[in-house]
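Everything on this sheet refers to the single structure shown next.
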Amino acid sequence: MAEHAFLFFTCQYQSKQATVIFAHLMEKNVLDQIREATSHILKEQGIEVSAGDVLVSTTRKDFEGDLTVVIFPFVKAMKKSPPEVGEWLGAALQSHLDSIAGYNVVQGFLNLTLSSRAWFDLLVAIKENPHYGTSPRKDQKALIEFCSPNTNKPLHLGHIRNILLGWSCSRILHAAGWDVVKIQIINDRGIAICKSMLAWKLYGEGETPESSGTKGDFLVGKYYVLFNDKLTLEYDAWQESVEGRSIHEEKAEAKPAKEFFNDFKNTYFNSYSELGKQAREMLIAWEKDDPEVRSLWTMMNGWVYQGFDETFAALGVRFDQLYYESETWVEGKEQVLKGLQQGIFVKKEDGSIWVDLTDRKMDEKILLRSDGTAVYITQDIGTAMQRYRDHHADAMVYVVGDEQNYHFKVLFEILKKLGEPYADALFHLSYGMVELPSGKMKGREGTIVEADDLMRDVISEARAVALEKGEIATLTEVEQTDAFRKIGLAALKFFMLKINPQKRMVFDPSASVDLQGQTGPYVQNAYVRIKSVLRKAEEDQINVYATYTDLADSERQLLQLLAIYPEVISKAAREYDPSGVANFCYDMAKNYHRFYHDLKILGADTEDARNFRLNLSASVAQVLAHAMDLLGIEMPEKM
RNA sequence: GGCUGCGUAGCUCAACUGGAUAGAGCACUUGACUACGAAUCAAGAGGUUGAAGGUUCGAAUCCUUCCGCGGUCACCA
């Protein structure tokens, strides 16, 4: 074994110059070492800069060095030129930290070159810790709500973005040290589900998922669509009727008939429609616990849940707890009435209850209808309280599309007014709408992309491509099917998660099954290559560490990326944004592919190089698999 | 119209939150398999960061005004 490695295993650090204040840094990762040391050194000069404010990044490719400290921020206080400050700080850091072998200064940038010792430490740290990159448990709990569907139709493309975001964020928060509880609220009551129920009752002839061989959520969705079709027929006929014509003449003013009836549809449904009347009666019967309606409701929702469960399982997600709107809306009403008594809300003459938020630059918002029934926001007030009672979480996150930004602003403000203790711990993780290249998804135009169909498509595309490759033939049929699934889903998930959540997203189904370039399968391929090499290497040799000082650029870049992984996770957690993790995975895979192409691993010139590269490869594989898991993506062993 | 978000290569996205010469992929052109896995690599071309001002050592990022595209302003959810 080489001398350097021997030193590492037998001795603790024995820096000639390291002072006592830096001793405690040696167990931290290099990035933190640099940050904290810089902070200490500046403090000795009377300059207060917290470690967190020291900006350290990987050095750009075209400059020499591994990590770069941006020193502009300290220049003013030092009253020296940027290069002078850089030289001074570089010298100080090098003398205090064993991990730093050299430095150079370009303008206001201090480029640090890490010692081979530091790189060995990194590889050992990764090897010894399967959870490298994660933070210690912090004894804080985060509640994260996502998906939250209505029970009247199947999950679609929009839900997929929501679910992937929610799932990935919960993995990331967990990795950052939080305890995480994944929940969803099922919107299982209301007029929408009554529409499906009524259509089934009128036209269904007893059809069930079993009798028709249809997945439950699709069957219920079929009746929801049918209801709307029948309603349209009814409405069209009514427009020609005596009543319809006279209403038009009475209220249309100057509007042409077509435009008028378009705008009038809601009013028609609520005041004139026979189908509408029956649906509303059903809702009222439901609220009165009518046994027949309730049992129909239970049966049809049951079908939907079974369908959803299949979709969740296919996507690889689970929830820890479900809340049902049917069980929470009553509490919402009670809380509103309580707020009224406390004088926080006001009652208008017609009996409706409102909150006035004009002092917060928002509007008035209705909380209970004049007939005393609940509106959408009513239940959210109740569920927030319930959740806090159940979990006492330190953070509560709602993953909901950005069309509800205002809704959540209002909700959080109301909870603040009510003096809820967790009001400042609420966060709306808002994401942009998913559109198709042809524009928005429209149910009427049949352009809705169902979650199940999409998954099926990406998996069958993965199958078609994989079968052309040949490598896959070494797998059994069961293993093959598993690989196709992992590859297809990786394509889909990576495609959606690499985009910053707040951005609106154009989703091209044919591009999402792309398996080349900046994609999930590209990352998987890097992993599979490593696994293939490791299988061919002798096991005991992988465990040997040796001195290897002559790092190639491609090796250095991989090490740099490995070093910043903990940072990538904590940033993603701080910002509730998985896209940084996805981009990190891609960077890592890309650099590995280059490394793999440029250098021989098993056939390296020296034993040192061979062992180092095997270790480096193993570390890359471990971190890649870990990071992809944070995105909810599984790695195949072969593909 | 009020409030709010977004405009970066033909297309889809980055840019460490104010830092180095704005980077990737797709598509296009051209090269590399008798190589540890070619789902790979390398090279080329592609930009007035929607526009104009401003703030400073330094702006895609912050401020102002326009232009364009969404969302939202229901006794819907």
Side-chain angles (χ1 to χ4, degrees), chain A residues 55-63 68 70-73 75-76 81-82 106-109 111 150 187 190-192 266 270 325 348 350-354 361-363 365-371 373-377 379 401-407 409 430 432-433 435 437 440 462 465-466 468-471 487 491 495 498-500 502-508 511-512 514-519 521-522 524-526 528-537 564 567-568 571 575 579-580 582-583 586-587 589-590 592-594 596-604 613-614 617 638-639:
Chain A
L55 190 54
V56 185
S57 57
T58 54
T59 303
R60 288 177 55 129
K61 257 191 256 172
D62 12 318
F63 296 93
T68 295
V70 181
I71 57 178
F72 286 105
V75 167
K76 285 164 237 136
S81 74
V106 180
Q107 296 172 39
F109 300 91
N111 301 320
N150 294 324
N187 299 298
I191 195 73
N266 262 345
N270 288 320
E325 190 190 342
K348 294 207 172 174
D350 62 2
S352 56
I353 298 177
W354 296 70
K361 290 184 181 171
M362 287 179 248
D363 288 330
K365 179 83 185 171
I366 188 160
L367 301 178
L368 275 184
R369 295 191 185 98
S370 48
D371 65 3
T373 56
V375 294
Y376 183 53
I377 204 165
Q379 58 147 337
D402 64 5
E403 74 272 14
Q404 295 197 36
N405 282 354
Y406 183 70
H407 170 79
K409 231 178 123 182
S430 163
M433 189 167 305
E435 287 176 23
K440 280 193 200 171
V465 173
E468 287 173 11
K469 302 290 175 188
E471 288 292 333
I487 297 164
F495 187 92
K498 73 178 181 185
I499 299 172
N500 184 311
Q502 65 188 192
K503 285 201 158 180
R504 188 160 100 229
M505 168 170 136
V506 177
F507 183 87
D508 183 349
S512 75
D514 231 326
L515 310 179
Q516 275 145 30
Q518 199 176 46
T519 66
Y522 175 92
Q524 290 177 321
N525 185 231
V528 165
R529 279 182 140 179
I530 296 171
K531 286 297 177 171
S532 175
V533 173
L534 293 180
R535 273 194 299 270
K536 286 176 178 145
I564 63 165
E567 190 87 350
V568 170
K571 182 174 175 239
E575 298 177 356
S579 68
N583 287 316
Y586 173 69
D587 264 356
K590 184 181 169 61
Y592 189 82
H593 280 308
R594 198 205 333 267
Y596 183 91
H597 183 266
D598 290 351
L599 302 169
K600 289 181 182 171
I601 302 169
L602 296 173
R613 286 171 192 165
L614 281 170
S617 297
K638 294 181 177 176
M639 62 194 287

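Order of the sequence lines sets the chain letters (A, B, ...), proteins ahead of strands, with each chain counted from 1. From a predicted model like this one, the values you see are computed outputs, not experimental measurements.
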Value in whole Å for how far the [atom2] atom of [N] lies from [atom1] of [X]:
X       : N      : atom1 : atom2 : answer
D587(A) : A14(B) : CG    : C1'   : 9 Å
Q516(A) : C13(B) : CD    : P     : 20 Å
D508(A) : C13(B) : CG    : C1'   : 14 Å
N500(A) : A24(B) : CG    : C1'   : 16 Å
I377(A) : U72(B) : CD1   : P     : 15 Å
D62(A)  : U21(B) : CG    : P     : 10 Å
H597(A) : C33(B) : NE2   : P     : 10 Å
K600(A) : A35(B) : NZ    : C1'   : 7 Å

For the backbone of [Y] and the side chain of [X], can you confirm whether one donor and one acceptor N or O come within less than 3.5 Å of each other?
X       : Y       : result
S617(A) : R613(A) : yes
N500(A) : Q502(A) : yes
N583(A) : S579(A) : yes

Side chains of S430(A) and N405(A), donor plus acceptor under 3.5 Å | yes

Selection from [options] that lies nearest to any side-chain heavy atom of [X]:
X       : options                : answer
L602(A) : A74(B), G37(B), C36(B) : C36(B)
V70(A)  : U72(B), A77(B), G19(B) : G19(B)
Y586(A) : C69(B), A39(B), A24(B) : A24(B)
K503(A) : A39(B), A24(B), U8(B)  : U8(B)

Is it the case that the base of [N] and the side chain of [X] share a donor-acceptor contact (distance under 3.5 Å, atom types as modelled)?
X       : N      : result
S579(A) : A14(B) : no
N111(A) : A20(B) : yes
E575(A) : U17(B) : yes

May I have the step-by-step check of salt bridge (charged side-chain N to carboxylate O under 4.0 Å, His left out) for K638(A) and E471(A), ending in yes or no?
-> CA-CA 8 Å; K638(A) 294 181 177 176; E471(A) 288 292 333; over 6 Å; no

Compare the aromatic ring of F109(A) with the six-membered base ring of A20(B) and state whether they stack according to the 5.5 Å and 30° rule.
-> yes

Would you please determine if the base of G58(B) is stacked by F72(A), with stacking meaning a centroid separation under 5.5 angstrom and planes under 30 degrees?
-> no

Closest non-hydrogen atom pair between Y406(A) and M362(A), with its separation = OH-CB, 3.7 Å

Suppose you measure atom [atom1] in [N] against the same atom in [M]; what distance do you get, rounded to whole Å?
N      : M      : atom1 : value
C41(B) : A24(B) : C1'   : 15 Å
C26(B) : A74(B) : C1'   : 43 Å
G47(B) : U65(B) : P     : 32 Å
A20(B) : C13(B) : C1'   : 23 Å
G23(B) : A45(B) : C1'   : 16 Å
C33(B) : G25(B) : C1'   : 23 Å
G18(B) : U61(B) : C1'   : 7 Å
U56(B) : U40(B) : P     : 48 Å

May I ask you to evaluate whether [X] reaches the phosphate of [N], defined as a side-chain N or O under 4.0 Å from OP1 or OP2?
X       : N      : answer
S57(A)  : C16(B) : no
K409(A) : C73(B) : no
Y522(A) : C41(B) : yes
R529(A) : U40(B) : no
R535(A) : C36(B) : no
R60(A)  : C16(B) : no
K590(A) : G25(B) : yes

Of D363(A) and G603(A), the one whose closest RNA chain B nucleotide lies more 5' = G603(A)

Select from I601(A) and E325(A) the residue whose nearest nucleotide in RNA chain B is closer to the 5' end of that strand.
-> I601(A)

Taking pairing as Watson-Crick or G-U wobble with both contacts under 3.5 Å, can you name the mate of [N], or confirm there isn't one?
N      : value
C6(B)  : G68(B)
G1(B)  : C73(B)
C13(B) : G23(B)
C36(B) : none
C28(B) : G44(B)
C62(B) : G54(B)

R369(A) with D371(A): basic N within carboxylate O range, under 4.0 Å = no

Mind telling me whether F72(A) and F109(A) have parallel, tilted or perpendicular rings, with 30° and 60° as the class edges?
-> perpendicular

